[in-house]
Amino acid sequence: MSSGLDDVVAAETVLSDVDGARGRLIIRGTSLDDLVATQSYEDVVALLLEGFLPLPADLPAALGKARAEVFRHVAAADRDVLALLPVDALGALLARLQDGSDTATALHLIAAPAVFTAALLRLRQGLAPVEPDAALGHAEDALRMLHGACPGKERTSALNRYLVTVVDHGLNASTFAARVVASTQAGLSSSVLAAFSALKGPLHGGAPGPVLDMLDAVGRPEAAPAWLEQAVGDGARLMGFGHRVYRVRDPRADALKGAVRLLAGGGAIAPERLALAEAVEHAALDLLKRRKPDRALETNVEFYTALLLEALGFPRDAFTCVFAMGRVTGWVAHAREQALGGRLIRPKSVYVGPVPRVAA
Ligand code: CMC
């Protein structure tokens, strides 16, 4: 029995490989380091879905059209939906999408988190939702729908880099959830909803909000070592550090660190904010090295995600929604791969409860 299934291999995939020993992430044959430098999110959508669904000749245009089509569901964001946390409100709107296993369903699912998140955040502030512009790229339109104005090259490129960075990541908890549902031959929307629910927890996609809470609590760079020492002494886990698989580096953290430095260089992140984050990172790595000398606990993707999404104007309680904007393509691709080639996923459990008494 392996309670976290650490060493259990439960699927064969051509989609991505998380090489924890080398600190490398391969997305369908290309290393993440190369992918983030050269590809648009739409390119990576095509890369992951190729062979699993018939793809339109002009995928960016088809994804733009899908954004315009799902926008009508925004009307369902009534008072009850808006009273929920953004992550739960997004789940409620995602649940409205028709289930199916075709390209149109896949593109609606990939479009939806960007459209719904922007609209929900605007409605929450009493602002009217902004309709998608099907002619724009996905990252640019996501920011335009959120802020009501075109975001400029630097911010568009930072969000694009983020979406590509998180697009897929082996058999993580949410992707496994997607594959379990797909293995029953349920449709893509059901798989994506299951995955999205798994993403919500702080041990998976919910960490970057708490990273900012930690930065706020630390307050000043000089306070970092003592604050972190106290937190770990009290049994807390430092958000944005450690990983189940990566042992030397999380390549996604490096990809986003580059994007954060570019944003800071362009003035989108205040120098004091960056200095505080770097002091906390430095102190956390030092502390974790001393406390757990046998276990490499490095900066993970969530640490720089927090700074990047904050600079792009997403509120921290919506960070998990932005993670879903990127990861949704991985979920769809894995669900198709599982449905086309996998078996029903049905592991066993060991019963450790009471047994009925045998009659004398
Ligand atoms: N802060 C303090 N101690 C830690 C941390 C941390 N961030 N991460 C691990 N440890 C300790 C842990 O308590 C354990 O101690 P002990 O042996 O005394 O019980 C030891 O290090 C080994 O932990 P592990 O078995 O390697 O950790 P895990 O595989 O159970 O957990 C993790 C991995 C990501 C859940 C964990 O590192 C953590 O809780 N990190 C903080 C939350 C976070 O940043 N989550 C986002 C993960 S990246 C997104 C993704 O890919 O899904």
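Numbering of ligands and ligand atoms starts at 1, following listing order.
Interface atoms of ligand 1 facing H204, defined by a heavy-atom separation under 4.0 Å, are 46 (C), 49 (C), 50 (C), 52 (O). Residue G240 has at least one heavy-atom neighbour below 4.0 Å for each of these atoms of ligand 1: 43 (C), 44 (O). Below 4.0 Å from some heavy atom of L203 lie the following atoms of ligand 1, by number and element: 39 (O), 45 (N). Atom numbering of ligand 1 starts at 1 in the shown order; those under 4.0 Å from a heavy atom of E302 are 46 (C), 49 (C). Shown in contact with L288 at under 4.0 Å from a heavy atom are these atoms of ligand 1, numbered in order with element: 1 (N), 2 (C), 3 (N).
Defined by atom type and a distance below 3.5 Å, a donor-acceptor pair is present between the side-chain atoms of T299 and E281. Residues N160 and S157 have side chains that never bring a donor and an acceptor to within less than 3.5 angstrom of each other. Judged by distance alone, the side chains of R252 and N300 never bring a donor and an acceptor atom under 3.5 Å apart. Inspection of the H108 and E69 side chains reveals an N or O donor paired with an N or O acceptor under 3.5 Å. For the 3.5 Å distance criterion, the side chains of S189 and Q98 fail to qualify, holding no donor opposite an acceptor.
At distances below 3.5 Å, not a single donor-acceptor pair connects side-chain atoms of R24 with backbone N or O atoms of P251. In this structure a side-chain-to-backbone donor-acceptor pair under 3.5 Å is missing from T117 to A114.
Residue contacts with ligand 1, taken as heavy atom pairs separated by less than 4.0 Å, involve R237 via backbone and side-chain atoms alike. Heavy atoms of R244 found under 4.0 angstrom from ligand 1 belong to the backbone as well as the side chain. Here R252 has side-chain heavy atoms under 4.0 Å from ligand 1, and that is the only part of it that gets that close.
Scanning the protein for heavy atoms near atom 1 (N) of ligand 1, the closest one is L238 N, 2.8 Å. Counting only heavy atoms of the protein, atom 51 (O) of ligand 1 lies nearest to H243 NE2, 3.0 Å. Of all protein heavy atoms, the one lying nearest to atom 17 (O) of ligand 1 is K292 NZ, 3.8 Å. Remark: minimum distance from atom 40 (N) of ligand 1 to any protein heavy atom is reached at F241 O, 2.9 Å. For atom 47 (C) of ligand 1, the closest non-hydrogen atom on the protein side is N300 ND2, 3.6 Å. Closest to atom 34 (C) of ligand 1 among all protein heavy atoms lies G242 O, 3.7 Å. Scanning the protein heavy atoms around atom 4 (C) of ligand 1, the nearest turns out to be L297 CD1, 4.0 Å.
Between H334 and F52, a ring centre-to-centre spacing not shorter than 6.0 Å is recorded. Aromatic ring centres of F319 and F314: separated by at least 6.0 Å.
Taking the six-membered ring for Trp and thresholds of 30 and 60 degrees, F196 and W331 have ring planes more than 60 degrees apart, a perpendicular arrangement. Aromatic ring pairs are classed by plane angle as parallel below 30°, tilted from 30° to 60° and perpendicular above 60°; the pair H138 and Y41 is parallel.
Within the set R327, H169, M239, R291, the minimum heavy-atom distance to atom 42 (C) of ligand 1 is found for M239.
For atom 37 (O) of ligand 1, a protein non-hydrogen atom is found at a distance below 4.0 Å.
Checking only distances, R295 does come within under 3.5 Å of ligand 1, N or O to N or O. Geometrically, ligand 1 and V232 share no nitrogen or oxygen pair separated by less than 3.5 Å.
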Would you sort out whether E278 and K257 count as a salt bridge (charged side-chain N to carboxylate O under 4.0 Å, His left out), showing the intermediate values?
CA-CA 10 Å; E278 287 179 343; K257 194 174 195 164; over 6 Å; no
